[in-house]
Protein chains: 2
Amino acid sequence: MFDTSASPGDAALLPESIPSAEPSPCLQDLESLLRNLPVQRRRVQRKQVLFRTGQPCHSLFLIHAGFFKTCILSEDGREKITGFHLRGDLLGIDSFDMPSYACDAIALDTCEIWELPLAELRRTPELLPHVTAMLANEIRRDWRWMLALGTLSAEQRVAAFLLDLATRFASLGFSARHLLLRMTRAELGNFLALQLETVTRALSRLASAGLINVDGREIRIENPTALRALLAGD
Amino acid sequence: MFDTSASPGDAALLPESIPSAEPSPCLQDLESLLRNLPVQRRRVQRKQVLFRTGQPCHSLFLIHAGFFKTCILSEDGREKITGFHLRGDLLGIDSFDMPSYACDAIALDTCEIWELPLAELRRTPELLPHVTAMLANEIRRDWRWMLALGTLSAEQRVAAFLLDLATRFASLGFSARHLLLRMTRAELGNFLALQLETVTRALSRLASAGLINVDGREIRIENPTALRALLAGD
DNA sequence: CGGCTATTTGATCGATTTCAAGAACAGTGG
DNA sequence: CCACTGTTCTTGAAATCGATCAAATAGCCG
């Protein structure tokens, strides 16, 4: 089976910062704050749509467990996955100032989410700083990825993605060496601005270089140091 | 000289929405709110640094006139321009929740900026919604550009950039047909994830197709409809 | 004017895309 | 349980778009 516990060797992964996961500054705070509020807890099945662009928005959603993707669509049908989201991420903040959602949020896994009605939020002003912090954080994360996509090769982008995910896993207490990807190669490619074949090839090359081990969606990071070196340019 | 007044034909440009400029929802409001506060007005010369990554941040800056770029830098020296900013844009919000700035802000022009101390902001809670709105707006803008950079050809990206700038100009009351670029081809390329030569070539091709007219940094949009058609894929 | 930076254009090269085909896998219903 | 269908993944070969290298021109400022 899959080892989900953090192990000592994981520490070596953590100094990673390009692009940094910048663990949400207030997950614990936010969760404990929400515990005292009448949030509705809901289970969402794989492939289920939590909300879609244009739907009227009354709530934010805190991911308590599971794996989400958010994506936007252009009028002419081009799609872009704007992020993959784990426990502690807040979905819907990007449309905080708008009457309707600005992206689609789709579960890649069986998820548990906590629904936080905006009305509730307005009644709880001590939550606001958390929201602005998460907004600002999202901007910085997006910038880091724009930097990565604009300046890194295909192989480096894939490496950056794996290291980022590993760091986020680690900060949630999971293993940073064993990753179970919940998205398809096509989705990964979409996020990294690559074709799915290119993602596959990059993974294969990283694997044959001994940096990782690939078994379908199960990835094991064999040599985090070398992976990070590759990112910095050999 | 340069025609800076909006003309009737500009209306044709406005329906553009990929990537949309989404005019900041509250420029007028924000400016008039700030008029009553003790904001410090300052002039910034071309190439001058307004703030740099890591500097302690005590203020946000509202651009009242001029043209800015913001950029981030990775440890290994890769640089990325995260945006070009005009009147009405608020610089520094992305580090709202942090003790220091998260990017560099550099004037591309002689600018006038209004400095808004964070202490002042905390004393004026009615400003907060404006800030969150601008944060959320920035996220959506970034996503649109991620979509564009991930799915459009070089020529299309340049077209998208010109149309975006035109729309923003128009919403400020300037001409949407005559653009005076304040950035170099290299900076434009950096933002669009292209080499400067590729930007030049794209501009040349758009020009020889009669869609625009290029004279150094002075661009005239001759055929907005065709430009937008090109964006949607011929 | 001279020295600098910015822009343009050409020629070549290469990384990634595209096209194609087969293998592995998951889910479904008999 | 297995055959069947569709999706996902992998790998190869060819094509292409943009990057890189190079050099000439234009523009700017002291």
Legend entry - Phosphate OP1/OP2 of D/dA19: any B/Arg201 side-chain N/O under 4.0 Å: no
Legend entry - d(CG, B/Leu192; C1', D/dA19) in whole Å: 15 Å
Legend entry - Whole-Å distance separating the CD atom of A/Glu197 from the P atom of D/dA13: 15 Å
Inset, instruction - Rounded to the nearest angstrom, tell me the gap between atom CZ in B/Arg157 and atom C1' in D/dA19. - result: 12 Å
Inset, instruction - Establish whether the base of C/dT8 is bridged to the side chain of B/Arg205 by a donor-acceptor pair shorter than 3.5 Å. - result: no
Inset, instruction - Check whether any side-chain heavy atom of A/Phe84 sits under 4.5 Å from a side-chain heavy atom of A/Arg182, and report yes or no. - result: no
Inset, instruction - Please figure out whether B/Thr184 or A/Val199 has its closest DNA chain C nucleotide nearer the 5' end. - result: B/Thr184
Inset, instruction - Verify the contact: side-chain N or O of A/Thr200 to OP1 or OP2 of D/dT11, cut-off strictly under 4.0 Å; return yes or no. - result: no
Legend entry - Length of the CZ-P vector between B/Arg78 and D/dA19, whole Å: 16 Å
Inset, instruction - Flag the pair B/Arg78 and B/Asp76 as a salt bridge only when some basic side-chain nitrogen lies within less than 4.0 angstrom of an acidic carboxylate oxygen. - result: yes
Legend entry - Short side-chain donor-acceptor distance under 3.5 Å, A/Ser100 and A/Gln55: no
Inset, instruction - Let me know the distance between CZ of B/Arg46 and C1' of D/dC28, rounded to the nearest Å. - result: 10 Å
Legend entry - Spacing of A/Leu203 atom CG relative to C/dT16 atom C1', expressed in whole Å: 15 Å
Legend entry - Separation of atom CD in A/Gln45 from atom P in C/dG27, rounded to whole Å: 13 Å
Inset, instruction - Look at the aromatic rings of B/Phe51 and B/Tyr101 and report parallel, tilted or perpendicular, splitting at 30° and 60°. - result: parallel
Inset, instruction - Give a yes or no on whether a donor-acceptor pair under 3.5 Å exists between the nucleobase atoms of D/dC17, that is its base, and the side chain of B/Glu155. - result: no
Legend entry - Whole-Å gap separating C1' (C/dA26) and NZ (A/Lys47): 10 Å
Inset, instruction - Using a 4.0 Å heavy-atom cut-off across all strands, classify A/Leu196 as base, sugar-phosphate, or nothing. - result: base
Inset, instruction - May I ask you to verify whether the side chain of B/Gln195 and the base of D/dC17 hold a donor-acceptor pair under 3.5 Å? - result: no
Inset, instruction - Tell me which of B/Thr198 and A/Ala193 sits closer to the 5' end of DNA chain C, going by the nucleotide each one is nearest to. - result: B/Thr198
Inset, instruction - Take atom CZ of A/Arg220 as the centre, draw a 6.0 Å sphere, and report whether it contains more than 12 heavy atoms from other residues, nucleotides or ligands. - result: no
Inset, instruction - Please determine, for the side chain of A/Arg185, which listed nucleotide (D/dT8, C/dT8, D/dT10) has the closest atom? - result: D/dT10
